[in-house]
Amino acid sequence: MNRQRRTALQHGASLAGLMLSLGLMPGVARAQAAGFNRAAFDAKSLADVLKAIGAGTPAESKDINLQAPDIAENGAVVPLGASTTLAGVKRILLLVEKNPNALAAAFDLSDSIDANVATRVKMGQTSNVYAVAITADNKVLFAQKEVKVTLGGCGG
Amino acid sequence: MTARRLAAALLMCGVAFAAQAQPSTADGIARYREMLADGNPADLFEAKGEALWKQKRGPKGATLEQCDLGKGPGIVKGAFVELPRWFADTQRVQDLESRLLTCMETLQGLDAKAIAETPFGRGEQANMEALAAYVSAASRGMKMNLPQAHAKEREMFEVGKRVFFFRGGPYDFSCASCHGEAGKRIRLQDLPDLTKNPGDGVGFAAWPAYRVSSGELWSMQRRLYDCYRQQRFPAPGFASDATIALGVYMGVNAKGAESIAPSIKR
Amino acid sequence: MATDPMRIRAQAQGSNAIVRVLMMHEMETGQRRDAAGKTIPAWHISDVTAQHNGKTVLTAHWGPAVSKNPFLQFTVKGAKAGDKVVVTWKDNRGESRTDEAVVA
Amino acid sequence: MTHTRTALGISALIVAGCATAPPPPSAADLDRITEQVMKASFREQGIAKLDRIQQDQGQAACSSDTAPPEAVAKQIEAAAMAGVKWPEGGRYIGDWRVGETLAQNGRGMTWTDAAGAPSGGNCYNCHQISKAEISYGTIGPSLYNYGKLRGVKSVAAPESALIVQYTWAKIYNSKATNACSGMPRFGHAGVLTEAQMRDVMALLLDPQSPVNQ
């Protein structure tokens, strides 16, 4: 239990770092949000980011609903979604911990969009995935889940 | 009863049952497939195929709208669930792809031989797969109903059965090695028993399909080509008689199965 | 402009509209090598925007980890049957594609 | 009536010089047509040459939905057993870790593989083997606890000799014990080398292997 919690906190810290350093924090760099943030998507791993920065601690939250399968028959297409009933969510991020670049997708939501988005991502191997929600008042909340990627048939 | 007693026992031990309950692998995979079913990228290929069907192309600058897929020129709906079938004009039993090839040649003036020799997913073969998606989609929800009235159709069924059971290659595999018995799987992939009707939307009634692993739309021709690759056989020619005979065998066996093509597959 | 159209389905549900989008794109990761061992450069949709009746309501930024032929689902609040939804994607080569749908 | 009409029809056709509605082809005709269809339909690609669809006796005898006659099956089994090459120096057991990697590996001998590229054992495609791997096939029987269930406490012990040799023969040429086995003849067909077979043997039989935990 303790070890799990520590791991979660570690991930949390690294996530905050990733977002802060790369101008993804709402209010920090609104203007940048309009364009694709190269650096954010180049981050090689959560650990890399953790090393570089250490600010902000996102909290794991039951209010964030991460939709992901327990097991994926093929890592090329893994459905991932995030939703929350919390008010004022401005941004949703979807990450895959063990991918070469952790961040898969970022969504900037206007007031007209429900905090409920879904897409599909590639996963190179079994990994934790994260859904992160950032509110207008800079609360950073996340949910995580392990998705098992199985080996395929025949030629595998 | 036993399950309830077990649950009670676990609770008494202070262990939350829910935390222990691991959904089975099969349930997990089923859930994964369910999540993918809504939003099948095969839709993209279907749309592309429809545009190609209606587009004037080739040296003759014609559309495929007069293509006879077996139910008369221009009739697309219901054609897929009756293919392969005998065609009097070509004096051949043809499957969907070989018939499209005929139409591309006769109506549009395209070079059928060159298309047959093009690798899958490239050039006109990519168009062929989109067309296959479009034509099959027009029969979605209909039941497989291949004709067997013509002697050549019956002959192709018998030949197809023999091809299906033909063992060869360094691994001694035939189609039947994997698809001759119900309830089997390779790794986690369920294998339909293609010697009988494997059920609605399974096996022959599920192809063409969007392949998640390659992100491409595979027609039955491509499905068979890759089966033979994994059987360690030499390569079957595109629209060759062996592949068409297999189509007749599997299609006739699937009589009454509801077509869900183009589906989505691992 | 990219030639292959998107498939956009926008369905009214209560006072909202659920929008599902499929886009035809390679989404090359930049991690793979070709037969000669040369890295195949990343090629992916980087930006997606959605408009509801002319107003931008959603902006997404994607890396190459989004699957080939991407799927996107979102929900527009206060959208009703007959409203127009426009989706645009842009990739890292500068290609783009815009398609629209009417909420049904 | 029907008979007369058919006879008349045939004579009329002979006059016309063409043939329609001939009697349905016999099983032998269909075998011959199938042979022609196979020959005309396949082309060599990469390392997969056309000799791969030249069937040997065992393949031909097991190419229908009915099993070959008992006598034929026995003959195939005896010939296969006689052809088993036993390992040099009686060394049957290698490294189960390498065996596990081989069992996971489903590559080799397709037309997309390079000539001479080592093949995997393909084992998990059809068999459950170690408990840890949940992605396993069910075409073949479960091999979990293979050695343990057969009482193998030491692979070198004399009482293990029979099961060790049986397993080697099974992997080398599955037809030695079952004429129409669905399993490739790994040794006979040169899919696996002798060293690789030793490693797969270890995976199944070594008491230290996770298969026997």
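Protein chains get the first letters and strands the later ones, always in sequence-line order, with residue 1 at the start of each. What you see below is based on every heavy atom in this structure, not just the backbone, and it leaves out hydrogens, waters and symmetry mates.
The 12-atom threshold is not exceeded at NZ of A:Lys139, counting heavy atoms of other residues, nucleotides or ligands nearer than 6.0 Å. The neighbour count for A:Asp137 CG, taken as heavy atoms of other residues, nucleotides or ligands under 6.0 Å away, is above 12. In C:Lys90, the NZ atom is not crowded: 12 or fewer heavy atoms of neighbouring residues, nucleotides or ligands sit closer than 6.0 Å.
The nearest pair of heavy atoms linking C:Gln31 to A:Asn101 is NE2-ND2, 3.9 Å. Residues A:Asp108 and C:His61 approach most closely at OD2-NE2, 3.4 Å, considering heavy atoms. Between C:Trp62 and A:Thr119, the shortest heavy-atom distance links the atoms CZ2-OG1, 4.1 Å. In terms of heavy atoms, C:Ala65 sits closest to A:Asn99 at CB-ND2, 3.8 Å.
Within the 4.5 Å cutoff, the side chain of C:Val76 has heavy atoms near those of the A:Ile113 side chain.
Proximity of a side-chain donor or acceptor of C:Lys68 to a complementary backbone N or O of A:Lys122 within less than 3.5 Å is not detected. Remark: side-chain polar atoms of A:Ser110 are not paired, donor with acceptor, to backbone N or O of C:Leu58 under 3.5 angstrom.
Atom CD1 of C:Ile18 sits about 8.0 Å away from atom CG of A:Asn116, to the nearest 0.5 Å. A:Arg120 contributes atom CZ, which lies 6.5 Å from atom CG of C:Leu22 (distance to the nearest 0.5 angstrom).
Looking at A:Val78, only its backbone comes within 4.5 Å of chain C, counting heavy atoms on both sides. Looking at A:Ala76, the atoms closer than 4.5 Å to chain C (heavy atoms on both sides) all sit in the backbone: N, CA, C or O.
For the options C:Arg20, C:His52, C:Met27, heavy-atom pairs under 4.5 Å to chain A are most numerous at C:Met27.
A donor-acceptor contact closer than 3.5 angstrom links the side chains of A:Ser112 and C:Lys55.
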